[in-house]
Novice: 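Got a structure for you, written out below as structure tokens; questions coming shortly.
When a residue number appears, it is its place in the shown sequence, counting from 1.
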Amino acid sequence: MGSEMCIRDRRHPPRPSPGVIPWRHPPPHPPRHPRGVTPARRLRRVARILPHRSWYAVGQPVAIEVRGLGDESGSPSQVSAHRLGRLTGRAAVAGDGWVELAGPRGEPLAVGGHTVELRTGAGALLARTAIEVAPAGPSAVRYGFVTAYESERDLHGVLDWARAMHVTAIQCYDWGYRHADLLGGGEQYADPLGNPVDLATVRRLIAELHAIGASALGYAAVYAVGAQEWPDWIGHALLDATGTAYALGDFLRVVDPAAPAWLAHLGAQLTAAVNEIGFDGFHLDQYGWPKAALRADGTPVDVARSFVTAIEAVRDLLPEAMLIFNNVNDFPTVATSQTALDATYIEVWPPHERLADLAGLALRARGASPGRSVVLAAYPSVFTRAPQEEAHESARLLLATAYSHGATLLMTGEAGRVLTDPYYPRNHEAAPATRELLTRWADFQLGHTDFLVGPDITDVTGSFAGRYNDDVVLTFSGAPTSIAPDPGTVWCRVTRTPAGLVVHIVNLTAVEQPVWDGPQPPPHDAGAGFLRLRRVHASAPRVWTADPDTDGRMQPCRVTVSGTHATAALPPLRTWLMVWIESR
């Protein structure tokens, strides 16, 4: 939501191989200011690898930056890529610098997600990341945010974090002068809540994001007018049953987003922002209310219909722009899913408090607009009020639920900060261990995007697993299983993908309240795990597993055969285990 939420929540707080040549120079279009990492301890270098871009077009050089390795590793190192359990690319590494990944015969990497590792010559894992190769844009919107635009701001940390999190779009939050007068402050001004903005910094940020393959979206509320501009728009107010204009205190008032005069004004503002600032599109915001209202002349307004009118008008005016609309608490997702948006974005509030609610939001959104990216905006305030270990496990469950249901999250941004509040400048500085967890899980999501996003992934849990069905039977020696996120169980979900069945296993054994924004204890040991599968072919199925908290890539399972079924022995269950039964 917009900066006005700062007002609202004060009253209502929210709950080398042949053909592969090490690249010792920057790629054709590297980040403009590549920098080394200053180690936390001077006597210990921490290796890190970062992709040049958030995604790569087919045939585009895949450049990886190596930092913190130096020339002191003792033996040659190697960067390698894996996809669907197979080696897809590698490059020798002699020290810090750039390498280009290519296939064993020098061919470009295949379309899809690839996990990427830096290992010593002896095979020890030093660092990891992920990359995506795509024919026509990234497979999903991976969203981040920026909130500060002071003069001469150093953007290195923002760009490094965006690369580490594989961000494809950044929401430039509260960049405008006023909600109804985006560019009226000149080149330097204070935003509606007094934060300094220098448009030179905004333009520089946009250019730097383009260099790493990410889009920059300007924040714009579709119906909010501040006190200074209100006299010009009072005739288009949305009124409640007493004839009072809907408002956030005395800060903002709300107009009918479909009023022709307002649409002409909003369209002119957005067009000017594209032309003068260089935005790639806009994050179109609303506040979740009202659902229905009256105009000043007494005409009833279906606000969902007005939102659709506004979105379609902006799309007609800016046909090439990237547009995201905020469906606050799932309102009005059904209506807006039929418009030409670039993602289905849902900001999550009560009563959507449980993991099951998150799963349902993602599945309904995917069903309403098949093939469209789903982004959930969930603000884990648990980071501000719980011990780190419990906040981390809560974040793992949040990420596992969203990712396994084909959604991404707007959760982090800036130079490694976590959203814990709807007013984005009130964010939380993530500890080093938190940043490591978030990047590790982002690597996992991107490296296995083939199993997670896309219109050809369908949920088949109810017909393959659970009572009556015996196609996929999951058991653990120390815990019950469930096909729902029930407390005290191991949660099992099955999807059909073009590459075969995928089973998502989430450990809720220690969970008493399966909420996404509450402290959670470390999971219990579920004991020995087995996956019993009905066989189709005479030979045993190939079964692979991957865990974001281990090395992150697919590893083969031991499989035994008995009659019509095969059984795969699973590795120890941490929080989320992904199992792939490979198609033949």
Side-chain angles (χ1 to χ4, degrees), residues 16-23 27 47-66 76-93 98-121 123-140 142 163-164 166 168 213 439-454 456-457 497-500 502 542-548 550-557 578-584:
S17 63
V20 177
I21 301 173
W23 198 340
R48 185 184 186 190
I49 54 176
L50 285 173
H52 167 216
R53 293 173 54 86
S54 60
W55 68 280
Y56 295 85
V58 176
Q60 186 175 23
V62 176
I64 305 294
E65 184 181 7
V66 180
S77 300
Q78 179 174 273
V79 171
S80 60
H82 294 80
R83 175 175 178 267
L84 303 181
R86 276 79 173 179
L87 178 70
T88 54
R90 58 189 174 191
V93 177
W98 294 89
V99 297
E100 180 182 350
L101 280 173
R105 292 173 296 281
E107 71 277 14
L109 268 63
V111 169
H114 303 249
T115 60
V116 181
E117 302 172 339
L118 172 65
R119 291 183 180 268
T120 66
L125 179 65
L126 298 175
R128 55 189 265 200
T129 186
I131 62 99
E132 178 181 23
V133 178
S139 59
R142 299 183 288 274
R163 291 167 63 196
H166 319 294
T168 64
T439 56
R440 186 172 69 243
W441 280 62
D443 294 340
F444 187 83
Q445 189 278 338
L446 184 60
H448 302 291
T449 189
D450 304 79
F451 299 131
L452 298 173
V453 303
D456 44 8
I457 296 175
T497 80
V502 173
R542 288 192 289 263
V543 180
W544 306 74
T545 65
D547 182 334
T550 60
D551 67 6
R553 64 178 169 93
M554 285 289 171
Q555 303 288 355
C557 282
M578 183 189 299
V579 184
W580 170 39
I581 299 95
E582 185 176 358
S583 294
R584 289 179 180 267

Novice: Just by distance, with hydrogens left out, do Ser54 and Thr168 show a side-chain donor and acceptor under 3.5 Å apart?
Specialist: no
Novice: Give a yes or no answer on whether the side chain of Asp450 reaches the backbone of Gly113 with a donor-acceptor pair at less than 3.5 Å.
Specialist: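 Yes, the answer is positive, given that a donor and an acceptor are paired below the 3.5 Å cut-off.
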Novice: Taking the side chain as every heavy atom from C-beta outward, state whether Leu87 and Ser80 have any atom pair closer than 4.5 Å.
Specialist: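 Contact flag for Leu87/Ser80 side chains = yes.
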Novice: When you measure from the centre of the six-membered ring of Trp544, is the NZ or CZ of Arg542 under 6.0 Å away and within 45° of the axis?
Specialist: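 Geometry flag: not set, cation outside 6.0 Å or 45°.
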Novice: Taking the side chain as C-beta and beyond, is there a heavy-atom pair between Ile131 and Leu109 under 4.5 Å?
Specialist: yes
Novice: side-chain contact (heavy atoms from CB on, under 4.5 Å) for Leu452 and Met578? Distances and angles first, verdict last.
Specialist: CA-CA 10 Å; Leu452 298 173; Met578 183 189 299; 3.8 Å; yes
Novice: I'd like to know if the side chain of Gln445 reaches the main chain of Asp443, judged simply by a donor and an acceptor atom lying under 3.5 Å from each other, with no hydrogens or angles considered.
Specialist: no
Novice: Just by distance, no angles: are the side chains of Thr449 and Glu132 close enough, under 3.5 Å, to form a donor-acceptor pair?
Specialist: no
Novice: Is the shortest heavy-atom distance from the side chain of Pro108 to the side chain of Val58 under 4.5 Å?
Specialist: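 Sidechains of Val58 and Pro108: no contact.
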Novice: Which pair of heavy atoms, one from Trp55 and one from Ala134, lies closest together, and at what distance?
Specialist: CZ3-O, 3.8 Å
Novice: Quick check for you: to the nearest 0.5 Å, what is the distance between Leu125 atom CG and Thr120 atom OG1?
Specialist: 9.0 Å
Novice: Please answer whether the main-chain N or O of Ala81 pairs with a side-chain N or O of Thr88 as donor and acceptor at a distance below 3.5 Å.
Specialist: yes
Novice: Would you indicate whether the side-chain heavy atoms of Val79 and Val66 approach each other to under 4.5 Å?
Specialist: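 A side-chain contact exists here, since the closest heavy-atom pair is under 4.5 Å.
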Novice: Judged by atom type as modelled, is there a donor-acceptor pair below 3.5 Å linking the side chain of Thr115 to the main-chain atoms of Arg553?
Specialist: no
Novice: Identify the heavy atoms of Leu118 and Ala47 that sit nearest to each other, and give their distance.
Specialist: CD2-CB, 4.0 Å
Novice: Could you pull out the closest heavy-atom pair between Phe451 and Val502, with the gap in Å?
Specialist: CD2-CG2, 3.6 Å
Novice: Whether the side chain of Arg142 engages the backbone of His166 through a donor-acceptor N/O pair (distance < 3.5 Å, no angle test) should be reported.
Specialist: yes
Novice: Taking the side chain as C-beta and beyond, is there a heavy-atom pair between Trp580 and Leu84 under 4.5 Å?
Specialist: yes
Novice: Are the side chain of Arg105 and the backbone N or O of Glu107 linked by a donor-acceptor pair below 3.5 Å?
Specialist: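 Pair absent, no side-chain N/O of Arg105 close to backbone of Glu107.
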Novice: Tell me the closest heavy-atom pair linking Ala91 and Val99, and the distance in Å.
Specialist: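 Taking every non-hydrogen atom into account, CB-CB, 4.0 Å.
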Novice: Taking C-beta and beyond as the side chain, do Glu65 and Arg48 meet within less than 4.5 Å on heavy atoms?
Specialist: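 They are not in side-chain contact.
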Novice: How far apart are the closest heavy atoms of Gly552 and Ala546, and which atoms are they?
Specialist: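 In this case the closest contact between Gly552 and Ala546 is O-CB, 4.1 Å.
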Novice: CD1 of Ile49 to CZ of Arg163: how many Å apart, nearest 0.5 Å?
Specialist: 11.0 Å
Novice: Considering only heavy atoms from C-beta outward, does the side chain of Arg119 approach that of Leu126 to under 4.5 Å?
Specialist: no
Novice: Which atom names give the shortest non-hydrogen contact between Pro51 and Ala130, and what distance separates them?
Specialist: CG-O, 3.8 Å
Novice: Where the side chain of Arg128 meets the backbone of Glu117, is there a donor-acceptor pair that is under 3.5 Å apart?
Specialist: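 No: the side chain of Arg128 does not pair with the backbone of Glu117.
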Novice: Can a donor-acceptor pair be found, under 3.5 Å and without considering hydrogens, that links the side chain of Arg83 to the backbone of Val111?
Specialist: yes
Novice: For Trp441 and Phe444, take the angle between the two ring planes, folded into 0 to 90°, and tell me which bin it lands in: parallel under 30, tilted 30 to 60, perpendicular over 60.
Specialist: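 Judged by the thresholds at 30° and 60°, the geometry between Trp441 and Phe444 is tilted.
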Novice: Checking the side chain of Arg440 only, and the main-chain atoms of Pro548 only, is there a donor and an acceptor separated by less than 3.5 Å?
Specialist: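 It does hold such a pair.
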